[in-house]
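Residues take their numbers from the sequence shown, with the count starting at 1. Note that this is a predicted model, so its numbers are computed, not measured.
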Amino acid sequence: MCARSEAVELEVLGAEGGEARVPPRPLRLSLLELLGKLVRRDQPAQPHRRTRHNHRFRTFVSCENERRIKANDREYNAQFRYANNYIKTSKYSIITFLPLNLLEQFQRLANFYFLCLLVLQLIPAISSLTPITTAIPLIGVLALTAVKDAYDDFQRHQNDSQVNHRRAKTLRNGKLVEEKWASVQVGDVIRLENDQFVAADILLLSSSEPNGLCYIETAELDGETNLKCRQCLVETAAMGQDDAQLGAFDGVIICETPNNLLNKFEGTLSWRDKHHSLDNDKILLRGCVLRNTTWCYGVVVFAGKDTKLMQNSGKTKFKRTSIDRLLNFLIIGIVFFLLSMCVFCTVACGVWEWLVGRYFQAYLPWDTLVPAEPASGAVVIAFLVLFSYAIVMNTVVPISLYVSVEVIRFAQSFLINWDEKMYYEKTGTAAKARTTTLNEELGQIQYIFSDKTGTLTQNIMTFNKCSIAGVCYGDVIDETTGETIELNENTEPLDFSFNPEYEPEFKFFDSTLLEAVKRGDQEVHEFFRLLALCHTVMPEEKNGRLEYQAQSPDEAALVSAARNFGFVFRERSPNSITIEVMGNTEEYDLLCILDFNNVRKRMSVILRKDGEIRLYTKGADNVIYDRLKSNQADVKSKTQEHLNKFAGEGLRTLALAWRPLEERGFAEWKRRHQAAALALHDRDEQLDAIYEEIETDLLLMGVTAIEDKLQDGVPETIANLSMAGIKIWVLTGDKQETAINIGYSCQLLTDDMAEVFVIDGVSHDDVERQLAKCRDSIRVVNTFLPHAGPSASKTGGEAANGARPSPGRAANVKLNAPAVSVVTFRWEHNTIPHHSNEYMSGGPQSADSHEPTNDDSNGFAIVVNGHSLVHCLHPKLEERFLDVVLQCRSVICCRVTPLQKAMVVELIKKSRKAVTLAIGDGANDVSMIKAAHIGVGISGQEGMQAVLASDYSIAQFRFLQRLLLVHGRWSYYRMCKFLRYFFYKNFAFTVCHFWFAFFCGFSAQTVFDEMFISVYNLFYTSLPVLALGIFDQDVSDATSLQFPKLYAPGHTSQLFNKREFIKSTLHGCFTSLVLFLIPYGTYKDGLAPDGKILSDHMLLGSVVATILIIDNTTQIALDTTYWTVFNHITIWGSLVSYFVLDYFYNYAIGGPYVGSLTVALTQPTFWFTAVLTMIILMVPVVSWRLACSWTRPTLAERLRARQRWRAPAAAPRTPSARRARRSVRSGYAFAHQEGFGRLITSGKIMRRIPHADAALSALASLPGKFHQRPPTPPTSAAAAAEPRAPTQNLDTVDL
């Protein structure tokens, strides 16, 4: 057992056989191991054997590599201090909130800086400003942030409380007691009921189903909606629901320590002097949902943070936007700029005092602290002036910036919450910004990592179309024009009420199929008869209504379709199937089930009725076609056309076929089948060979086309996001075929792509070889066929033998068109150079012909399997993997674990330095959501775990484009414009003190009144810039969605970066220079017409302050492109408030500057100075903006100009608007699992066995005790082409 921990670490990535690397051991563990070896070096080596534990002792010293649990014994388990089931995600309590929150806030450099300034301002000798000027803004920032943090943590407390207060039934002294989830502890025996979430990781003890079986849905863990089977030990199943026996159960469980491996569990149960092996098929994990099982009992093995679900959740990280990180860097730069100004003024002050100041001590006496000696006195004065200027010019490091940013983000979050266009009426769910600190990051997303099940799809399968005997059904044809009518919500479905067993929710629109059924068309009847007979569905009566328990949603859809068309599956036993055909009962003898698996890609049943034996089969079209009888050319060609059509529409297809069997031939085959089923060696291979013998010479019956219903608007959303330059990766735990099929449905994959590579190697060498061939293929196509057309199809595909391309397609390699890659961080061939900003110039196309830049015929796609991804993420292959996937337009990773999802996100974050977004709806997406820069949770059918861990929540995937292209883009645009203006106005305000220093002997005398300095950023200029940051928009929301290319500037941080910051600061410095020098030159030695002197300090300060406010108002009016009532009120109101507050402060309160502004306003000199200054300041700004809009207009400016002239903009053509193309790929996808056929024919799954010969039938169809398939690949050609995926372990089903 103690060696198991290394195996757990090796398999962290989800590997199941393959080369694994030993991760580096932590230093502490390595040192402890070394000390242990030194201590034990003289002890003789002990033989490696399992120690028999003496269970008579109450105490046990735990090994760090194993866990020991005794059922129903809390006292025994308490000594190990196992984690309880209490979940805590909150950060604070009432007592710890204030100290912890202040500690966190003062870890921010700006807050700590202003705290130091406040301390300096409390020293009278060096401060020329009252401490209030810093204290008020600092307290405001701390209070506002504390309120926001308290609100966020209160929500976390509420969510924790909701989960911890869920009710669970626990056995206490042999009686069931209702307790909170938080009260459940390791070793407790709990009862679960149907459709209930599993509260903790439990060992299954008994269930309501026969033979201790139970069924679970693991969508929260791996995204798969098909049911999975678990079975308890026969010894514990006998306890049933006897609370007394279960309460007395005292088995001891020795198992692995907590880990994140969802598909692996090892342990033993010691009970009644016997030891029983435990594996993953006896464990129910937290997050699973009990389905089709009335009740079950289990003993808690892992609880709370130790559960595999929580182990896969990842750690919550403090997320900061790229603008935040840039601001921190800029603030440091501003501090150095401030220090440089202070040092300059300090040196200049020392020089001035030594040369000039010492002679004016009668007029300007030195402080008593200053030595009388001139040199030392000048040094001391200069030293004190250093701190004085740091205080005077501290506003260049704006504390109000952080207040304003928080307010803007907070308001933008409410705009997201209040957006009615992101409200989903069916569930009454609105979009919600669960954090208020990441809004502008939504406008800079470069990679989206999406789950599939429940995120892109609805978890609903519907029978959409079919082809029977070469006739296609499902399309609604307009009788007048002969064209296909596009279905919508207003299309009237067929009426199936003639059938008493119809399902009201079933919808089909083509009346020709229903008419063929009613008139008794033999081929149509045989088609639906096959659907009603060839499956592993179990029927059940609930409330007088027939319901089906399907192991996969595909089978449920097919059996449901047959039911609604009048072919009702009624009953099954281990050796019979009963159906009802148009009201008439038909009973078939079930002779054998040839079960489905991922290599065979088909399942068959052999039935007898009225002495006739038939084999019915359904499976992948290419597998079925290889086994068809040769004389069916006509129906094969017609059906293939329909298959291509269905695949082009993104439907999941299955081919149906049958063959008659002779009694003598079947008897001989059955004898050999039984011998193979009882073989001791190579049993699975022998069975596959036996199945191959009988599944030949098939007669094609038709094909089905099932729609794995995408959420509304998914293809359009993906198309728009890809046009915006965002790369979309799909990371799913579902099967490879299903993932590929959904890729085509949502147009991540298209038939016009150069190649779709599949990486599915099991070993390190296989994966390395496949990646090398992919890279060579891409290099060949990009190098030698840059302008090739359809004829250049196989060059890249056939080179990739290991990395299999899509079969039977001619690649349309057309790499000469400019294209933004959907999944790569680069511009494709022939795009404009990087220095020529396409956003600025409108791109290669004008607004008149704005076309999408991601042509489907360009580039490649890659599908990576989970066991291959283990090796791809290995450091040796990481660079090669990145080299391939970053040149592919679409990337789909299937069969991945939750931790692998997070590792893929981290890989892109680390290697590309790109802004990432992860979106999902289940607990299996939590780690990915936490790892990405922004996590989006979908309020779906898989619970709320993803939403609780997310930064934003939406109800549907289609709302993501509005969240990013509208709110994200607006937030980024507003924040960038706000920052540019904010730095401008602060430098224009603060640097005036620096220019004045040259005229005041560098004495730290301020230009402005102290009150003006205190309220400049709080009242005079705060509200207009807040209105700008909250309401401004360059184009409307409809235009933002219509032209996704508008999103592009965020990818390269074009709207605010170091260059834009320097431009804003230089503009501010120039403004401050003009603001100070022109009034100073005007009023120096100035006289009023009545002879009064105008050259006093207070009058100059009032004039400069007034012109500064006018300049700020004019500047923000020019910056505002979208005027609202709030903009008008704040901009013009701030200008008025300046005069009102100045008069109120100076006249009502008695400020020192009383009368200065009044005198200035009454003189013509002021108005002339103001006009001259504003002309000098505004003419360069307006001229530069006009020149840029004429020579290099942005796309937004072109669109605004078009709207002003009322000319309708040409909407870009999205790929989703194109008609579905005919495809020659296979549309096969079947979410089924191996093993259910064996359970049916054995009778283990039945509640009762109606016939006495069930055991004989079971023996005839079962291979015996199930074992995992060996890693050796099957011998058949079909099997050799594709290794079998990991199958469900049914080793415990003793048949």
May I ask you to test the [X]-[Y] pair for a side-chain heavy-atom distance under 4.5 Å?
{"X": "Ser208", "Y": "Thr293", "result": "yes"}
{"X": "Leu531", "Y": "Leu656", "result": "yes"}
{"X": "Glu503", "Y": "Arg563", "result": "yes"}
{"X": "Leu594", "Y": "Val605", "result": "no"}
{"X": "Lys609", "Y": "Asp589", "result": "no"}
{"X": "Thr704", "Y": "Phe527", "result": "yes"}
{"X": "Trp658", "Y": "Leu615", "result": "no"}
{"X": "Phe249", "Y": "Thr236", "result": "yes"}

Taking [Y]'s backbone N and O only, do any of them form a donor-acceptor pair with [X]'s side chain (distance below 3.5 Å, no angle check)?
{"X": "Asp621", "Y": "Leu654", "value": "no"}
{"X": "Lys308", "Y": "Leu261", "value": "yes"}
{"X": "Asp521", "Y": "Glu523", "value": "yes"}
{"X": "Ser604", "Y": "Thr617", "value": "no"}
{"X": "Glu693", "Y": "Ile690", "value": "no"}
{"X": "Asp510", "Y": "Gly474", "value": "yes"}
{"X": "Asn211", "Y": "Leu213", "value": "no"}
{"X": "Glu695", "Y": "Arg627", "value": "no"}
{"X": "Thr455", "Y": "Lys452", "value": "no"}
{"X": "Asn499", "Y": "Glu501", "value": "yes"}

Distance check, rounded to the nearest 0.5 Å: [X] atom [atom1] versus [Y] atom [atom2]?
{"X": "Tyr588", "Y": "Leu607", "atom1": "OH", "atom2": "CG", "answer": "7.5 Å"}
{"X": "Ile740", "Y": "Arg652", "atom1": "CD1", "atom2": "CZ", "answer": "11.5 Å"}
{"X": "Cys232", "Y": "Leu205", "atom1": "SG", "atom2": "CG", "answer": "7.5 Å"}
{"X": "Ser560", "Y": "Phe506", "atom1": "OG", "atom2": "CZ", "answer": "6.0 Å"}

Nearest heavy atoms of Leu651 and Ala705, plus distance in Å: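 Scanning both residues, the minimum pair turns out to be CD1-CB, 3.6 Å.
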Which pair of heavy atoms, one from Leu558 and one from Phe463, lies closest together, and at what distance?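 Closest heavy-atom pair between Leu558 and Phe463: CD2-CD1, 4.1 Å.
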I'd like to know if [X] pairs up with [Y] as an ion pair, taking the criterion as any Lys NZ or Arg NE/NH1/NH2 lying under 4.0 Å from an Asp or Glu carboxylate oxygen.
{"X": "Glu209", "Y": "Arg291", "value": "no"}
{"X": "Glu547", "Y": "Arg545", "value": "no"}
{"X": "Arg614", "Y": "Glu526", "value": "yes"}
{"X": "Arg608", "Y": "Glu663", "value": "yes"}

Tell me whether the NZ or CZ atom of Arg529 lies within the 45° cone about the ring axis of Tyr616 and under 6.0 Å from its centre.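 Checked: cation-pi criterion not met.
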Determine, for Phe197 and Arg286, whether the Lys NZ or Arg CZ falls below 6.0 Å from the six-membered ring centre while staying within 45 degrees of the axis.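 Not satisfied by the 6.0 Å and 45° rule.
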We want to know whether [X] and [Y] form a side-chain donor-acceptor pair, criterion being a heavy-atom distance below 3.5 angstrom.
{"X": "Asn464", "Y": "Thr462", "answer": "no"}
{"X": "Asp243", "Y": "Tyr297", "answer": "yes"}
{"X": "Lys228", "Y": "Thr218", "answer": "yes"}

Does the pair Glu193 and Lys169 meet the rule for a salt bridge (charged side-chain N to carboxylate O under 4.0 Å, His left out), with working shown? CA-CA 9 Å; Glu193 296 180 349; Lys169 293 183 178 179; 3.0 Å; yes
Neighbour count above 12 (heavy atom, 6.0 Å) for Gln522 CD: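 Open.
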Any chance the rings of Phe496 and Phe565 have centres within less than 6.0 Å?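 Yes, ring centres under 6.0 Å apart.
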Check against side chain to side chain donor-acceptor pair (under 3.5 Å), Thr578 and Glu586: CA-CA 6 Å; Thr578 303; Glu586 296 181 2; over 6 Å; no
Given the rule in the salt bridge (charged side-chain N to carboxylate O under 4.0 Å, His left out) test, do Glu505 and Lys507 qualify, once you have shown the distances and angles that lead to the verdict? CA-CA 6 Å; Glu505 62 272 14; Lys507 292 183 179 181; over 6 Å; no
